Amino acid sequence: MKSSLTFHKVIVGLLVIYLLIPLVGTFLFSIAGKWDHTILPESYTMKWYIELFQDERFFDAFRRTLFLIVMSVGLSVVIMLPTIFIITVYFSKWEGLLQAAAMLPYGIPPIVGAVGLIKVYSDGPIQIAGTPWILIGAYFITILPFMYQGIRNSLRTLNAVQLVDAAELLGATKFQAFRTVVFPNIISGILVSTLLSVALLFSEFAFANLLVGGRFETLQIYLADKLNSSGHLTSAIVITYYSMILLLTGTVLKLTFKNEKNPVGSNKKRILSFLKKHNCNKNTALEGEK
Amino acid sequence: MRKIKKQKIYLLALLLPFILFVIGFEIGPLVAMIKNSFYADDGIQVTLNQYITIFKSEFYLQAIQNSLVISLISAVISVIVAVIVAYSFTKFSQKIKNRLLMITNMASNFEGIPLSFSFIILLGNNGLFTLLFSKIGGDVFADFNLYSWTGLILVYIYFQIPLAIMLIYPSYQGIKKQWKEASSLLGGSTLSFWLHIGIPVLLPSIVGTFSILFANSMGAYATAYALVGSNYNLLSLQIASLVASDVALKPQLGSALGVLLAATMIGAMWFNERMMRRIRRDLR
């Protein structure tokens with residue numbers, strides 16, 4: 001019995017090492033001064049980080065990325081919240097349609113989406129190909145599945161329909177019911193979807209590269225461009241970038257932990273675990289009924 | 001009655017931005033791409049030529065084949081690793097389990113350009129391990145080239161494994177301890193438990209995970225782009241160079257390849273959906 005636990009410890013240990021090696025290697029490289037022939041760096045330095053934080057281009061790229069993220073995630077919250085709420089509460093017969101539209105981007109990779117977007121916006125009435133505006137639209141669609149799942153699940157756990165009915169019976173208007181009863185209760189769910197979307201868009205490269213490329217240099221494009229120059233500097237970028245992502249996902253996990261005591265899930269994987277979790281819940285419910 | 005109708009119109013108006021975005025950036029481009037794939041290079045003549053070109057061209061058939069093979073190999077290996085590792089996960093206490101899932105979750109964010117870069121540091125021509133192994137005399141990596149087929153597969157497997165674990169792990173919770181007890185009470189060995197009960201219960205979820213991993217690597221672009229640029233003949237890289245390169249713009253041909261890729265992806269997703277339904281029916 002004991003030896004079998006050792007076996008599992010070895011397996012898990014190997015996995016953790018395997019998963020962390022690239023991260024550790026990159027980190028070491030980013031703080032290495034001279035490192036040519038030895039196993040570990042000969043000297044350590046912070047100069048790559050100092051150099052990076054003095055690079056205007058890095059900050060410009062960072063600002064552009066932030067602009068895109070704030071615009072598309074902001075738009076998504078402002079548009080999706082009322083849309084999902086209205087359809088759930090007042091037009092429930094269209095829910096299937098909404099779900100299909102919201103989940104479709106999940107099956108279509110950016111590389112395919114970009115083909116059509118270039119076609120539609122390079123000529124015709126709206127010529128926004130090559131500008132950040134086309135990216136905002138593309139990003140809106142990219143994060144649609146997360147936003148939909150997040151908001152929809154929050155509304156479902158809240159029993160929003162009954163709540164609104166009750167509020168209206170007590171004389172509240174539709175808007176009041178939404179603002180004072182529903183919204184405060186789903187805000188943390190929305191926050192989680194928002195942060196996940198932000199993390200996802202931080203790592204987005206395909207759309208950015210194909211739709212605007214160097215004309216609007218985002219963090220990822222800057223990174224791709226730096227790939228062939230200084231390795232140390234690039235490691236410093238990668239580590240900075242991952243620190244940001246970790247901070248974001250850490251917050252998400254904490255929030256989710258607080259909400260449901262089940263910290264499983266990330267980005268697009270989250271949707272899938274959502275699906276599975278639902279199945280599990282259903283199964284336990286069914287078994288309980290027996 | 002009239003008041004209700006009027007209210008509904010207001011509510012519908014609130015849906016308008018969503019509808020516009022979906023048409024403008026989801027359905028519209030998709031339709032445009034499909035339509036575009038049926039035009040000749042001049043964009044005027046309606047024809048099936050783009051598809052015929054693809055299926056007659058050794059180059060594009062190879063791109064499709066390469067993408068299929070790399071997706072199959074990386075998905076198979078990742079699923080096998082994930083089945084074993086996720087099982088090991090279940091042997092630990094809840095606290096350690098959560099930590100492990102957190103690490104896996106974190107690693108699943110490690111993909112795309114930063115990941116390719118890390119692999120270049122570790123295994124590139126002057127990489128950490130490349131130097132290390134040449135120093136201790138092991139010729140393990142002497143023939144190894146990161147910017148090649150094997151290198152690409154290695155990186156794909158890396159980003160597939162955490163995802164596979166996250167997907168497979170929950171299904172182990174469906175296997176009840178009592179089943180094992182019952183099986184051993186009836187004289188079954190551990191092997192026969194897994195053979196007759198464990199694996200059949202896990203199978204739909206394994207197959208479903210496989211199809212998601214497959215789709216995931218079919219559509220992957222950033223990792224391959226950063227690692228091999230356009231030097232390697234992959235479907236996603238070819239589409240990109242046809243629709244957005246400076247050299248050979250052939251948007252119609254790119255559209256046709258895009259349609260084929262999307263069809264593969266949606267096929268894989270549909271398959272996964274079917275498998276998920278299987279799970280529910282099985283347990284009912």
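For clarity, every value in this text was computed on a predicted model and none was experimentally measured. Per chain, numbering begins at 1; letters A, B, ... match sequence-line order. When reading the values below, keep in mind they use all heavy atoms of this one structure, side chains included, and skip hydrogens, waters and symmetry mates.
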Going by the angle between their ring planes, with limits at 30° and 60°, are B:Y221 and A:F205 parallel, tilted or perpendicular? parallel
So which of [options] has the biggest tally of heavy-atom pairs under 4.5 Å with chain A?
options	answer
B:I239, B:L16, B:I266	B:I239
B:W270, B:Y158, B:F119	B:Y158
B:G219, B:P162, B:A107, B:S118	B:S118

So [Y] and [X], do their side chains get closer than 4.5 Å, heavy atoms only?
X	Y	value
B:M106	A:Y242	no
B:L100	A:L15	no
A:V112	B:M265	no
B:S88	A:K9	no
B:V81	A:Y18	no

Closest approach of [X] and [Y], non-hydrogen atoms and distance?
X	Y	value
B:P29	A:G113	CB-O, 4.5 Å
B:S236	A:I111	O-CD1, 3.2 Å
A:Y106	B:I212	OH-CG2, 4.3 Å
A:Y121	B:G24	OH-O, 2.7 Å
B:L122	A:P22	CD1-CA, 3.5 Å
B:V22	A:I141	CA-CD1, 4.2 Å

What residue in [options] has the most heavy-atom pairs under 4.5 Å with chain B?
options	value
A:G231, A:S122, A:A102	A:G231
A:V12, A:V120, A:L20, A:I134	A:V12
A:G137, A:A138, A:G107, A:A206	A:G137

So for [X], is it side chain, backbone, both, or neither that comes closer than 4.5 Å to the heavy atoms of chain A?
X	value
B:L11	both
B:I161	side chain
B:F117	both

Just how far is it from atom [atom1] of [X] to atom [atom2] of [Y], taken to the nearest 0.5 Å?
X	Y	atom1	atom2	value
B:S116	A:L227	OG	CG	7.5 Å
B:I113	A:K226	CD1	NZ	14.5 Å
B:I19	A:I79	CD1	CD1	11.0 Å
B:K8	A:F91	NZ	CZ	5.0 Å
A:L23	B:N109	CG	CG	11.0 Å
B:M33	A:I118	CE	CD1	11.5 Å

Decide yes or no on side chain to side chain contact (heavy atoms under 4.5 Å, CB included) for B:E26 and A:L144, but give the supporting numbers first. CA-CA 10 Å; B:E26 186 182 359; A:L144 203 56; 3.9 Å; yes
With a 3.5 Å cut-off and sequence neighbours excluded, list the donor-acceptor pairs that the side chains of residues 249-262 of chain B form with protein atoms.
| unit_1 | atom_1 | unit_2 | atom_2 | d |
| --- | --- | --- | --- | --- |
| B:S255 | OG | B:N36 | ND2 | 3.2 |
| B:S255 | OG | B:P251 | O | 2.8 |

Would one find more than 12 heavy atoms of other residues, nucleotides or ligands at under 6.0 Å from atom OH of B:Y147? yes
Above 12 or not: heavy atoms from other molecules or residues under 6.0 Å from OH of B:Y172? yes
Which atoms of [X] approach chain B - backbone, side chain, both or neither, heavy atom under 4.5 Å:
X	answer
A:I21	both
A:Y90	both
A:L19	both
A:A224	both
A:I245	side chain
A:L246	side chain
A:S76	neither
A:I128	side chain
A:L104	both

